[in-house]
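What follows is a short report on a single structure.
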Amino acid sequence: MSVTSIDLVAEIKRLKRERNAVILAHNYQTGDIQDVADYVGDSLGLAYHAKETQADVIVFCGVHFMAETAKIVNPGKIVVLPDKDAGCSLEQSCPGPALEKFLQDHAEKNYYVIAYINCSAHVKALCDVICTSGNAVKIVNKAPQDRPILFVPDQNLGAWVMEQTGRKMDLWQGSCYVHVEFTRDSIRKIKEQYPQALVVAHPECTQAVRLLADEVCSTEKMVTYCKNAPVNDIIVVTESGMLHRLRRECPEKNLIPGPTDRCACADCRYMKMNTLQKLHDCLRDLSPRVEIPEDMRARAEAPLLLMLEQSR
Ligand code: 13P
Ligand code: SF4
């Protein structure tokens with residue numbers, strides 16, 4: 001670590017105490033951000049931590065919908081994120097007005113709407129319950145039997161949950177631009193290089209890739225899976241930031257990034273917009289802040305709280 005980044009880390013820690021702030025970071029953040037965070041985890045763990053924190057300020061190192069989720073459950077707290085433009089292709093694939101129109105056009109269906117947490121506050125406000133990759137199976141299993149399910153916005157996670165639960169759902173045709181870059185060929189090739197390796201993949205991957213995996217799970221469950229795996233080599237088919245978290249938690253394992261057809265690993269350009277400098281600046285300036293119109297926030301909170309209750 002350079003002298004400048006040591007100074008920056010010290011200043012971040014000082015500002016954090018001064019502001020009574022907590023730093024929450026997603027598993028896909030860069031290593032330097034993960035190392036300065038109070039908690040690093042998946043969307044579900046982050047949602048629980050955001051709900052339970054006693055801090056006055058939440059600094060959310062992740063993408064915008066994650067910081068927005070923290071604000072939905074903490075209307076009285078200041079929630080900042082290092083880069084306000086850190087979006088998500090899944091969120092973009094299901095704009096609130098488009099879902100609103102779809103539900104109006106199909107009102108006769110009386111859909112039970114399950115929204116993957118990777119969506120805007122507007123979409124959350126339109127749904128019945130939220131889920132993450134860590135609890136999607138549990139949430140779908142608890143859905144009412146007498147209503148058809150509309151699952152938004154990730155068709156790949158939705159298809160995987162259908163396989164796991166046997167429950168038929170109508171799927172919004174969104175996808176994560178990072179996870180669909182992994183292909184059957186790219187994963188087959190790396191498996192040939194490491195014939196003894198196990199493969200763990202995120203459920204946002206396509207079915208062709210999931211079929212090559214020994215385990216499909218959320219980023220947090222990958223930590224437990226890798227710790228307990230009976231082999232040394234594990235191919236990790238998800239965003240590259242996960243490797244930092246896994247190498248810290250499982251130093252004895254050989255953790256191999258899943259390649260795409262073009263690159264040796266896959267980066268989410270949105271997650272990587274956050275830097276240590278921007279983290280410092282947002283703590284210092286308490287900006288950019290997440291703000292949500294109160295009526296929308298209140299409508300989005302109910303399905304989020306239902307998720308937290310149902311996934312305990
Ligand atoms: P997890 O909740 O599994 O960490 O996934 C979040 C995400 O954005 C995956 O691309
Ligand atoms: Fe969104 Fe994909 Fe990036 Fe996750 S990896 S934040 S789903 S674009």
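Both ligands and their constituent atoms are indexed starting at 1 by order of listing. Everything numeric in this text was worked out from a predicted model, so none of it was measured.
- Atoms of ligand 1 found under 4.0 Å from any heavy atom of His202, numbered from 1 in the order shown, are 1 (P), 3 (O), 5 (O), 9 (C).
- Using a 4.0 Å cutoff on heavy atoms, Glu239 does not count as a contact of ligand 1.
- By the criterion of a heavy-atom distance under 4.0 Å, both the backbone and the side chain of Cys88 are placed next to ligand 2.
- Atoms of ligand 2 found under 4.0 Å from any heavy atom of Asn118, numbered from 1 in the order shown, are 7 (S).
- Between Asn27 and ligand 1 there is no heavy-atom distance shorter than 4.0 Å.
- Arg297 places a side-chain N or O within donor-acceptor distance of the main-chain N or O of Ile72, the cut-off being under 3.5 Å.
- Contact of the Leu246 side chain with the Val223 side chain is registered, since non-hydrogen atoms from C-beta on lie closer than 4.5 Å.
- Those atoms of ligand 1 that come under 4.0 Å of a heavy atom in Asn118, given as number and element, are 7 (C), 8 (O).
- Protein heavy atom nearest atom 2 (O) of ligand 1, with residue, atom name and distance: Ser43 OG, 2.8 Å.
- Residues Ile256 and Ile234 have side chains not in contact (no heavy-atom distance under 4.5 Å, counting atoms from C-beta outward).
- Without hydrogens or angle criteria, His280 side chain to Leu276 main chain gives no donor-acceptor distance under 3.5 Å.
- Ligand 1 has at least one atom lying under 4.0 Å from a heavy atom of His179.
- Note: no N/O pair closer than 3.5 Å links Ser218 and ligand 1 by distance alone.
- Relative to atom 10 (O) of ligand 1, the option among Lys221, Glu204, Met271 with the closest non-hydrogen atom is Glu204.
- The aromatic rings of Tyr39 and His49 sit parallel, their planes meeting at an angle under 30°, below the 60° perpendicular limit.
- Contact atoms of ligand 2 toward Leu90: 7 (S) (distance under 4.0 Å to a heavy atom of the residue).
- Salt bridge present: Asp35 and Arg248 bring a charged side-chain N and a carboxylate O closer than 4.0 Å.
- Closest to atom 2 (Fe) of ligand 2 among all protein heavy atoms lies Cys176 SG, 2.3 Å.
- Between Arg247 and Glu252 there is no salt bridge, since no side-chain nitrogen of the basic residue lies less than 4.0 Å from a carboxylate oxygen of the acidic one.
- Relative to the ring axis of Tyr28, Arg245 does not place its NZ or CZ within 45° and under 6.0 Å from the centre.
- Inclusion of Asp42 in the set of residues having an N or O under 3.5 Å from an N or O of ligand 1 is not warranted.
- Of the possible donor and acceptor atoms, one in the side chain of Lys278 sits under 3.5 Å from a partner among the backbone N and O of Met273.
- By the criterion of a heavy-atom distance under 4.0 Å, the side chain of Glu204, and not its backbone, is placed next to ligand 2.
- Within ligand 1, counting atoms from 1 as listed, the ones closer than 4.0 Å to a heavy atom of Ser133 are 1 (P), 2 (O), 3 (O).
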